[in-house]
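As the structure is a prediction and not an experimental result, all values here were calculated from the model.
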There are 2 protein chains.
Amino acid sequence: MARNPQTGRDGDGGDRDGARTPGPAAPQDPERAHSAREIAAAWERERPGTPVSSIGIVTPIWQLAKLFGDDRRRVLARAGVDTATLDLLSVLRRSGPPYALSTRELGRRSLVTAGAVSQRVARAEQEGLVTREAAGGRPRTVLVTLTPAGHDLVEATVDQVLHREADLVAGLTPEQQAGLTELLHVLLTDVQSRVGDDRLSQVGGE
Amino acid sequence: MARNPQTGRDGDGGDRDGARTPGPAAPQDPERAHSAREIAAAWERERPGTPVSSIGIVTPIWQLAKLFGDDRRRVLARAGVDTATLDLLSVLRRSGPPYALSTRELGRRSLVTAGAVSQRVARAEQEGLVTREAAGGRPRTVLVTLTPAGHDLVEATVDQVLHREADLVAGLTPEQQAGLTELLHVLLTDVQSRVGDDRLSQVGGE
DNA sequence: AGGTCTAAATTTAGCCCTAAACGGATCTGA
DNA sequence: TCAGATCCGTTTAGGGCTAAATTTAGACCT
């Protein structure tokens with residue numbers, strides 16, 4: 001999911017560009033997507049009154065998620081794993097011995113639908129990274145357990161991924177990182193409480 | 001894109017299977033995904049020394065991107081559009097009259113591959129939202145132009161989407177929103193300059 | 001007991017994306 | 001002028017996800 005920058009607006013009114021020289025006359029960096037600032041400015045210019053207030057937050061979050069996701073995918077491709085599988089294995093690994101969770105619990109911790117979990121588990125089982133078995137717990141519970149091969153795969157890749165990501169955010173000072181972490185935490189907590197509240201998704205919004 | 005919370009850390013090296021209680025790992029709200037803090041703590045507990053420093057930033061960014069993306073998809077489903085199509089139309093709309101851009105330019109502004117742009121345009125063309133024609137400009141350039149129907153669709157949905165997203169971030173004070181916007185901008189700029197730098201994606205990183 | 005309800009997992013249909021192979025046109029240089 | 005290098009856009013193969021339909025097994029009633 002995560003899809004694109006922001007639904008909206010792009011640069012100035014005139015740089016149609018169809019052909020032209022990509023060079024010096026271009027608005028910004030001709031090789032890069034527009035920034036949230038440029039998108040909001042374009043909205044204002046094209047449609048005065050457009051509610052652009054959220055763009056400065058939502059757009060960079062999507063762009064960053066895309067960059068982090070693509071980067072992780074490339075890092076993991078070298079190890080022959082995909083991000084969805086590593087995510088599954090990591091959740092199990094982090095849960096501690098005996099490295100087993102129900103499908104239900106996996107879904108909750110992975111932010112994907114039950115169907116997606118089912119497919120992830122099936123793929124991982126196919127590759128011998130987890131096992132699946134009925135568990136006596138609740139009615140129809142299935143217990144997914146990490147195999148030694150799955151455990152090894154996590155051990156072999158997690159530090160790589162996390163180290164790489166630490167490098168990617170290293171441009172911020174420790175103070176900036178702390179401030180950003182705090183603000184993101186506050187925003188996430190708040191958004192979680194609002195999403196799913198269907199009253200707000202009506203047109204008139206509040 | 002955007003996939004999951006955090007690849008997490010996994011635990012120790014040897015104790016496969018231990019045995020029982022999945023217990024102590026379920027610390028918080030049983031209905032919600034784990035927070036970055038809980039994930040980092042689980043790593044520390046299971047594998048002391050894991051480089052968790054980036055988790056406080058990367059994990060909430062993914063979770064937020066997922067929440068925003070899912071929410072937007074649901075809002076747009078009512079209008080019978082998908083997020084990818086609206087993104088395409090919006091880029092054209094905000095480029096201003098004559099609402100036409102080359103495939104190449106569309107790819108740059110959308111953060112997706114050329115193949116994805118081609119497919120998006122084909123779908124939108126199928127629905128009569130854009131037209132596609134050869135343009136004399138560069139060598140093999142194709143010009144994609146918004147139709148009146150496409151223009152109308154943007155007008156009918158963009159405010160809805162942006163208003164909804166403004167509601168979603170309304171829990172932050174104006175000061176917090178400004179601070180977050182600034183930090184995200186700094187981080188994004190920095191990450192863009194680091195991604196693609198292949199030296200960093202080696203294991204040894206940094 | 002038997003019928004109905006509900007919860008959990010899976011399956012199915014359809015969408016969208018990436019990576020890589022492909023097709024065609026322009027530029028380059030002998 | 002012709003071969004090769006390039007550049008753009010499209011097509012193909014395959015992965016991954018969501019939403020909805022389906023299957024199953026206990027739970028609940030009467």
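The side chain of Thr113(B) lies closest to dA19(C) when the candidates are dG16(D), dA19(C), dT18(D). Closest to the side chain of Val142(B), out of dT10(D), dT18(D), dC17(C), is dT10(D). The listed nucleotides are dC16(C), dT18(D), dA19(D); the one nearest the side chain of Lys66(B) is dT18(D).
At whole-Å resolution of the value, CD in Gln126(B) and C1' in dC16(C) are 16 Å apart. In this structure, Arg120(A) places its CZ atom 14 Å from P of dT10(C), rounding to the nearest Å. Here the C1' atom of nucleotide dC17(C) and the CZ atom of Arg74(A) are 14 Å apart, to the nearest Å. When rounded to the nearest whole Å, the span between CH2 of Trp62(A) and P of dC16(C) equals 15 Å. As a whole-Å value, the separation of Leu86(B) CG from dC15(C) P is 17 Å. Whole-Å rounding puts the Leu101(B) CG to dG9(D) P distance at 12 Å.
Side-chain contact between Thr141(B) and Arg104(B) is absent, with no heavy atoms from C-beta onward closer than 4.5 Å.
Residues that satisfy the side-chain contact (heavy atoms from CB on, under 4.5 Å) test with Thr103(A), not counting sequence neighbours, are Val117(A), Val142(A), Val144(A). Residues forming a side-chain contact (heavy atoms from CB on, under 4.5 Å) with Glu133(B) (at least two apart in sequence, or on another chain): Leu143(B), Thr145(B).
No more than 12 heavy atoms of other residues, nucleotides or ligands shown are found within 6.0 angstrom of CZ on Arg37(B).
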Show each protein N/O and nucleotides 11-14 of chain C N/O combination with a separation under 3.5 Å, one pair to a line.
unit_1, atom_1, unit_2, atom_2, d
dT12(C), O4, Gln119(A), NE2, 3.4

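For dC17(C), the OP1/OP2 oxygens have a side-chain nitrogen or oxygen of Arg123(B) closer than 4.0 Å. Between Arg73(A) and dA19(C) there is a side-chain polar atom (N or O) within less than 4.0 angstrom of OP1 or OP2.
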